[in-house]
Peer 1: 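Structure incoming, see below.
None of these values were measured; they are calculated from a predicted model.
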Amino acid sequence: MTSTGFRRTFLAIGVCSSLALAATACGSGGDGSASGKTRITVNCEPPKSARTDRKFFDADVASFERQNPDIDVVTHDAFPCEDPKTFDAKLAGGQMEDVFYTYFTDVRHVVGINQAADLTPYLKEMKSYGTLQKQLRDIYTVNGKVYGIPRTGYSMGLIYNRALFKRAGLDPDQPPTTWDEVRADAKKIAALGNGTVGYADYSAQNQGGWHFTAELYSQGGGVVSADGKKATVDTPEGHAVLQNLHDMRWTDNSMGSKQLLVINDAQQMMGAGKLGMYLAAPDNIPILVKEKGASYDDIAIGPMPGGRATLIGGDGYMFNKHDSPAQIRAGLKWLDHMFLTPGKGFLGDYARAKQNNAPVGLPEPRLFTGAADAKDQAIKKANANVPVKNYQPFLDGNTALRMKIEPPNAQQIYSVLDGTVSAVLTKKDADIDQLLKDASGKIDSILARS
């Protein structure tokens, strides 16, 4: 799944408009040279409805072209950046941009169908590549070759309401770090009454399966085997996840009676001050404040409970297999300028973001390492306009967690696990062992077909 509202941008997939078709095809279809310039098409330009983001994006592209007069950047917009319904068709039909947006979970599929250019020979020319976190770079590395560049990354944590923690007699500076502590704290928060829910979880629209995966990772388990061929949900760790949810829902009554929730439900409850905790990434925080009525002072985030691992996600750019060497070099330069220079560009110009009332100081994304990270964090801190102390538990706790990406065939698997989670949350007598056995068989079938 994608984390909702990541950073401050709208994520848009480039499609050929009638105007663009008249001028050039979406895909590369040649060496990209025009009037002595190297032309590249790129996607994920914010839509016109996102006026501020669009203005910043276009200004950054114009700045890049001024600094690189031999490169012409043609941007494509739409929403979302990647539409699963059309993504494969664009690839197969030769309509994909020269530099195109992808989720982390796309990488092996795109490489497997031979639609990505090998960037390995050109990486020494990219200023930022060596400064990026290795665990993010590795996501775009297949069989020792690099096929893409990460742009953002997120990890799951525990969003919580500091005001409710105080009212329940809990320390808002010490969020729970184990599932036993989550259960105990949720029970105290729910005891405040007046419709207050201690802990909420999703169980519909594939989001229940997404969260089950995150919770399974946190217990030290996994959804599929290392070779991607067998399900690994019918395990003690899988049982522990479901038993904990069952007990909070039916024994403690700390999850409320309304179930089959999705992310918007949890955000609405948190924004209204009626929810103590739910799993999410830091990008949820500005949504809670700007759209759901919460206060930055009340919303905090801690690490994923369990202490073993957390689910990560994010995005980056891959390059069309038909790109010329000149286009690959131009695209890498464009990524450096737009997204991967500390404290600058579309995602890193914190001073510009602050001037436009966008949140600065959230704990993610944290793309860089070493001196680049120190520079990026210093500029962010200097322009922070949110209570960064509320996020320190998340930063501290993350250092001890293993970072794990989503499983292969994630959406199909999540659909199966949705039913598993929803059964536990809606049926008091749900048979956890049988649910896990059934889910395991269905996931094995999905993996066998892939």
Side-chain angles (χ1 to χ4, degrees), residues 1-6 9-21 24-29 41-50 53-54 57 74-117 139-140 147-148 151-152 154 202-211 213 223 228 260 262-264 283 311 313-322 405-419 442-443 445-447 449-450:
M1 303 290 288
T2 58
S3 187
T4 302
F6 196 79
T9 70
F10 280 83
L11 301 182
I13 189 170
V15 294
C16 280
S17 66
S18 57
L19 217 67
L21 278 169
T24 177
C26 269
S28 115
T41 55
V42 302
N43 62 12
C44 206
E45 178 187 28
K48 291 180 179 178
S49 58
D53 285 344
R54 175 75 168 230
F57 191 97
V74 179
T75 57
H76 297 157
D77 79 334
F79 185 84
C81 277
E82 178 188 323
D83 185 348
K85 297 176 181 177
T86 61
F87 183 71
D88 279 356
K90 284 188 67 175
L91 282 171
Q95 294 298 302
M96 189 60 77
E97 286 79 7
D98 300 315
V99 185
F100 59 96
Y101 174 95
T102 55
Y103 300 130
F104 285 174
T105 49
D106 295 322
V107 179
R108 291 189 177 274
H109 169 65
V110 176
V111 174
I113 60 175
N114 192 33
Q115 293 295 327
I139 291 168
Y140 282 94
Y147 291 94
R151 186 192 75 152
T152 64
Y154 75 86
Y202 315 151
S203 53
Q205 297 181 14
N206 289 15
Q207 295 176 22
W210 177 37
H211 268 204
T213 299
V223 175
L260 302 179
V262 294
I263 189 169
N264 186 62
D283 66 337
L311 184 150
D315 58 60
Y317 278 88
M318 299 180 76
F319 286 60
N320 195 302
K321 71 173 183 178
H322 298 296
I405 64 171
E406 295 175 88
N409 305 105
Q411 295 307 315
Q412 295 178 64
I413 290 174
Y414 293 164
S415 179
V416 170
L417 293 172
D418 253 11
K442 292 175 181 177
I443 294 171
S445 296
I446 292 170
L447 297 174
R449 295 193 300 268
S450 63

Peer 1: Any side-chain heavy-atom pair from N320 and L91 closer than 4.5 angstrom?
Peer 2: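 Heavy-atom side-chain distance check fails, nothing below 4.5 Å.
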Peer 1: If only side-chain N and O atoms count, and only distance matters, is there a donor-acceptor pair under 3.5 Å linking Y101 with D315?
Peer 2: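 Side chains of D315 and Y101: pair found under 3.5 Å.
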Peer 1: For the residue pair Y202 and V262, establish whether any side-chain heavy-atom pair is separated by less than 4.5 Å.
Peer 2: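 Not touching, per the 4.5 Å side-chain cut-off.
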Peer 1: Any chance you could measure I405, atom CD1, to L311, atom CG, to the nearest 0.5 Å?
Peer 2: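 The CG atom of L311 is 9.0 Å from CD1 of I405, to the nearest 0.5 Å.
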Peer 1: List the steps and the verdict of side chain to side chain contact (heavy atoms under 4.5 Å, CB included) for W210 and D418.
Peer 2: CA-CA 8 Å; W210 177 37; D418 253 11; over 6 Å; no
Peer 1: Given side chain to side chain contact (heavy atoms under 4.5 Å, CB included), test K442 with I413 step by step and report yes or no.
Peer 2: CA-CA 8 Å; K442 292 175 181 177; I413 290 174; over 6 Å; no
Peer 1: T75 and side chain to side chain contact (heavy atoms under 4.5 Å, CB included): which single residue from N43, T41, V42 fits?
Peer 2: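 Testing each of N43, T41, V42 against T75, the sole residue satisfying side chain to side chain contact (heavy atoms under 4.5 Å, CB included) is V42.
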Peer 1: Do any N or O atoms from the side chain of N206 and from the backbone of Y414 form a donor-acceptor pair under 3.5 angstrom?
Peer 2: no
Peer 1: How many angstroms lie between CG in L260 and CD in Q207, if you round to the nearest 0.5 Å?
Peer 2: 12.0 Å
Peer 1: Mind checking whether F104 and Y140 have parallel, tilted or perpendicular rings, split at 30° and 60°?
Peer 2: perpendicular
Peer 1: Give the minimum heavy-atom separation between I139 and V107, together with the two atoms involved.
Peer 2: O-CG1, 3.5 Å
Peer 1: Nearest 0.5 Å, please: how far is SG in C81 from CZ in R151?
Peer 2: 6.0 Å
Peer 1: Using a 3.5 Å distance criterion without hydrogens, assess whether the side chain of T213 forms a donor-acceptor pair with backbone atoms of G209.
Peer 2: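 It does hold such a pair.
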Peer 1: Please round to the nearest 0.5 Å and tell me the distance separating atom OG1 of T86 and atom CD of Q95.
Peer 2: 11.5 Å
Peer 1: Ignoring hydrogens and angles, state whether a donor on the side chain of D98 or H322 is under 3.5 Å from an acceptor on the partner side chain.
Peer 2: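 Result is no, nothing qualifies.
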Peer 1: Would a 4.5 Å heavy-atom cut-off, applied to side chains only, mark C44 and F100 as touching?
Peer 2: no
Peer 1: Once you round to the nearest 0.5 Å, how far does CD of E45 lie from CZ of F57?
Peer 2: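 If we round to the nearest 0.5 Å, E45:CD and F57:CZ are 5.5 Å apart.
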Peer 1: What do the steps show when you test Q115 against K90 for side chain to side chain contact (heavy atoms under 4.5 Å, CB included), and what is the final call?
Peer 2: CA-CA 10 Å; Q115 293 295 327; K90 284 188 67 175; over 6 Å; no
Peer 1: Would you check if the side chain of D106 reaches a backbone N or O of Y103 as a donor-acceptor pair within less than 3.5 Å?
Peer 2: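 At least one qualifying donor-acceptor pair exists.
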Peer 1: OG of S415 to CG of N409: how many Å apart, nearest 0.5 Å?
Peer 2: 12.0 Å
Peer 1: What I want to find out is whether R54 reaches D77 closely enough, with some N-O distance under 4.0 Å, to be called a salt bridge.
Peer 2: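 Between D77 and R54 there is a salt bridge, with a charged N closer than 4.0 Å to a carboxylate O.
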Peer 1: Report the residue from M96, K321, M318 that forms a side chain to side chain contact (heavy atoms under 4.5 Å, CB included) with V110.
Peer 2: M318
